[in-house]
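The figures that follow rest on heavy atoms only: side chains count, while hydrogens, waters and symmetry mates do not. As the structure is a computational prediction, the values presented were derived from the model and not from experiment.
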Amino acid sequence: MESRTTSRRNFLALSMGLPLGAALAACGTSGPGSTSTSGGGGGGATASYWYLSTEPQEGVRRRTMERFNQANPNGKIVGTTFQNDAFKTKIKTAIGAGEAPTIIWGWGGGGLRSYVQAGQVEDLTSWFDENAAVKDKLFPSSFGAATVDGKIYAIPCETMQPIVLYYDKRAFEKIGAEPPQSWGDIMDLVPKFNAKGIAPFSLGGQSRWTNMMWLEFLFDRMGGPEVFQAVFDAEKDAWSNPVAIDALTKMQDLIKADGFIKGFSSITADSNADQALLYTGKAAMMLHGGWTYGGMKQDGGDFVSGGNLGYMNFPPIDGGKGDPGNTVGNPGQYMSISAKATAEQKEIAKKFFSTEVISDKSAEEWVGTGAVPVIKGSEKFFTGSEDADFLNFVVGIANNAKVFQQSWDQALSPTAAEVLLDNIAKLFQLSIGPQEFATNMNAVIGK
């Protein structure tokens, strides 16, 4: 990790309330192993591209690649899909072995920094200087997580997706209550929903990063962004901050009160099982990424089209110092180029970046999934969209947040992130308490 002065500057470049481009990377969902290319014949070099599966996001990624291949028969891209967690393991192993795909999809931040430090990704700074029109099509704030020590190593792509508190309006009607306006309301709603046989919250806890979203908001609402900032800046014993201990305690209070659906630790987000629990009426609420809107619209029957889905920013916590307008997430998704790729493969990737990745067609398709692209001018595709309310809600969160904090497992190094996710799982399973969590995490600060 770099010096504290530089790291603070880079992190706050991601988090301070920047206009529309402050965005969230989808920790999207998925299903490994399929490989695809498109377009007939043609020779020449090919570039490889690994990305996350599960519709509707996979379809946009695949079609973007297919359009490029049809236009460039002598320099195609071959894509391979993976589930979220499988992808994280596979890409880390491949990069470590110097066998990464040509195009490395990811979330920027700490993971990208580790690739840069290992000399595994191409420096794109001069390419962006020479292709100013490409850079100008993307929101400036989306470049924060693509930048390491002042140099750009990835192109921001796809969408902004803040973490959203979704709720089933039908469930609230059944108990005669309104959506929570505070943490106290959340705790009061728990026994009311349980009494009606409805789980208060859905959670795909086996995926671990879904649990993390809760802690990100608790830390921010209770103490503001400074609490995690101290961890990011590698301050000694930062996880032992009294606010952090209090937040971890509140988290376990909700778990002990049966705030989550029974068996949540064996439910996966990669299969969209957590979303299904919400739209089938088995759970009343779900804290999840903006990308799940498209999945619920596609798979949930008339849940979305029938006006049953509600959404809101995470409410304030009684006595908390954090701004309730803040949000958490990542500023976009990112594509880097492997330093081990051949010159021909690198040129194919760069041509892909400067054409289909930032095309109006790509932006229009992302809007079609119910998401807001990081491409400037995408709002023109909101007009007439049946998802306009949700899209404007997302834009409103991004524009109004004074702090848009990058997801912890992407802000930290892969080493620290893995320990974090492991300990969060244990915290949610009640196998460790707040103090032990803090001790375990303090041990990997700055690693």
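For an aromatic pair to be called close, the ring centres must be under 6.0 Å apart, and Phe393 with Tyr311 satisfies this. Here the two rings, on Phe228 and Trp408, have centers that are under 6.0 Å apart. Ring-centre distance between Trp366 and Phe381: not below the 6.0 Å cut-off. Side-chain rings of Tyr51 and Tyr49 approach one another, their centers coming within less than 6.0 Å. For His288 and Trp214, the ring centers sit 6.0 Å or farther from each other. Between Trp239 and Phe437, a ring centre-to-centre spacing shorter than 6.0 Å is recorded. For Phe82 and Trp50, the ring centers sit closer than 6.0 Å to each other. Centroid-to-centroid, the aromatic rings of Phe128 and Phe143 come within less than 6.0 Å.
Inter-residue side-chain proximity for Ser385 and Leu391 is flagged as met; some heavy-atom pair is nearer than 4.5 Å. Within the 4.5 Å cutoff, the side chain of Lys297 has no heavy atoms near those of the Phe390 side chain. For the pair Met335 and Ile104, the minimum side-chain heavy-atom distance is 4.5 Å or more. Using a 4.5 Å cut-off on side-chain heavy atoms (C-beta onward), Leu215 and Leu427 make contact.
Between Ile77 and Asn69 the shortest heavy-atom distance is N-OD1, 2.7 Å. Nearest approach of Ala438 to Ile245, heavy atoms of both residues: CB-CD1, 3.8 Å. The two residues Val243 and Val227 have their closest heavy-atom pair at CG1-CG2, 4.0 Å. Minimum heavy-atom separation, Ile261 to Ile267: CG2-CD1, 3.7 Å. The two residues Pro225 and Asp220 make their nearest non-hydrogen contact at N-OD1, 3.6 Å. Of all heavy-atom pairs between Gly223 and Glu226, the closest is O-OE1, 3.4 Å.
With Ser338 contributing its side chain and Lys340 its backbone, the two residues share a donor-acceptor pair below 3.5 Å. The closest donor-acceptor contact from the side chain of Thr292 to the backbone of Gly295 lies at 3.5 Å or more, if one exists at all. Not a single donor-acceptor pair under 3.5 Å links the side chain of Gln410 to the backbone N or O of Gly111. Remark: side-chain polar atoms of Glu122 are not paired, donor with acceptor, to backbone N or O of Lys346 under 3.5 angstrom. Without hydrogens or angle criteria, Gln405 side chain to Gly329 main chain gives no donor-acceptor distance under 3.5 Å. A side-chain donor-acceptor contact under 3.5 Å links Arg221 to the backbone of Pro324. With hydrogens and angles disregarded, a donor-acceptor distance shorter than 3.5 Å links the side chain of Ser207 to the backbone of Ala269. Although no hydrogens or angles enter the test, the distance criterion places a donor-acceptor pair under 3.5 Å between the side chain of Ser431 and the main chain of Lys426. Checked by atom type and distance alone, the side chain of Ser378 pairs as donor or acceptor with a backbone atom of Ile375 at under 3.5 Å. With hydrogens and angles disregarded, a donor-acceptor distance shorter than 3.5 Å links the side chain of Asp323 to the backbone of Gly325.
Around NZ of Lys350, the count of heavy atoms belonging to other residues, nucleotides or ligands within 6.0 Å exceeds 12. Within a 6.0 Å sphere centred on NZ of Lys376, other residues, nucleotides and ligands contribute more than 12 heavy atoms. At most 12 heavy atoms of other shown residues, nucleotides or ligands fall within 6.0 angstrom of atom NZ in Lys351. Within a 6.0 Å radius of CD in Glu344, other residues, nucleotides and ligands contribute 12 heavy atoms or fewer.
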Checking Leu430 against Gln252 for the side chain to side chain contact (heavy atoms under 4.5 Å, CB included) test, could you report, in this order, the C-alpha distance in whole Å, the side-chain angles of both residues, the deciding distance, and whether it holds? CA-CA 7 Å; Leu430 304 178; Gln252 290 200 320; 3.6 Å; yes

Can Lys151 and Thr147 be said to form a side chain to side chain contact (heavy atoms under 4.5 Å, CB included), step by step? CA-CA 5 Å; Lys151 295 182 179 180; Thr147 304; 5.8 Å; no

For Asn423 and Asn440, run side chain to side chain donor-acceptor pair (under 3.5 Å): C-alpha distance rounded to whole Å, both residues' side-chain angles, the deciding distance at 0.1 Å, then the answer. CA-CA 8 Å; Asn423 277 273; Asn440 294 344; 2.7 Å; yes

Does the side chain to side chain donor-acceptor pair (under 3.5 Å) test come out yes or no for Thr210 and Asp274, once each step is laid out? CA-CA 10 Å; Thr210 49; Asp274 47 0; 5.6 Å; no

Report the C-alpha separation of Thr102 and Ile348 in whole Å, then their side-chain angles, then the decisive distance to 0.1 Å, and conclude whether the side chain to side chain contact (heavy atoms under 4.5 Å, CB included) test is met. CA-CA 9 Å; Thr102 308; Ile348 293 171; over 6 Å; no

Please step through side chain to side chain contact (heavy atoms under 4.5 Å, CB included) for the pair Phe201 and Leu287, ending with a clear verdict. CA-CA 8 Å; Phe201 288 97; Leu287 188 66; 5.6 Å; no

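Using a cutoff of 4.0 Å between basic side-chain nitrogens and carboxylate oxygens, Glu365 and Arg67 are scored as salt-bridged. For the pair Arg208 and Asp85, the salt-bridge criterion is not met [side-chain N within less than 4.0 Å of a carboxylate O].
Atom CD of Gln57 and atom CH2 of Trp291 lie 9.0 Å apart (nearest 0.5 Å). Atom-to-atom distance recorded for Gln117:CD and Ser413:OG is 8.5 Å, nearest 0.5 angstrom. The distance from the CE atom of Met213 to the CD atom of Glu216 is 7.5 Å, given to the nearest 0.5 Å. For the atom pair Arg61 CZ and Leu52 CG, the distance stands at 5.0 Å (nearest 0.5 Å). Here the CG atom belonging to Leu412 is positioned 9.5 Å from the CG atom belonging to Leu421, to the nearest 0.5 angstrom. Between atom CG of residue Leu277 and atom CE of residue Met286 there is a gap of 9.0 Å, rounded to the nearest 0.5 Å.
Paired with Ser336 under the rule side chain to side chain contact (heavy atoms under 4.5 Å, CB included), one option of Ile103, Leu112, Ile95, Val116 passes, and it is Leu112. When Leu124, Ile337, Val148 are each tested for a side chain to side chain contact (heavy atoms under 4.5 Å, CB included) with Tyr153, only one passes: Val148. For the side chain to side chain contact (heavy atoms under 4.5 Å, CB included) with Val374, the qualifying choice from Leu138, Ile358, Ile155 is Leu138, the only one to do so. The side chain to side chain contact (heavy atoms under 4.5 Å, CB included) test with Tyr279 is passed by exactly one of Asn272, Asp299, Asp168: Asp299.
Judged by distance alone, the side chains of Asp387 and Tyr293 do bring a donor and an acceptor atom under 3.5 Å apart. For Glu158 and Trp105, the side-chain atoms include at least one donor-acceptor pair closer than 3.5 Å. In this structure, a donor-acceptor pair under 3.5 Å is present between the side chains of Thr268 and Ser271.
Geometrically, Lys88 engages Trp107 in a cation-pi contact defined by less than 6.0 Å to the ring centre and at most 45° from the axis.
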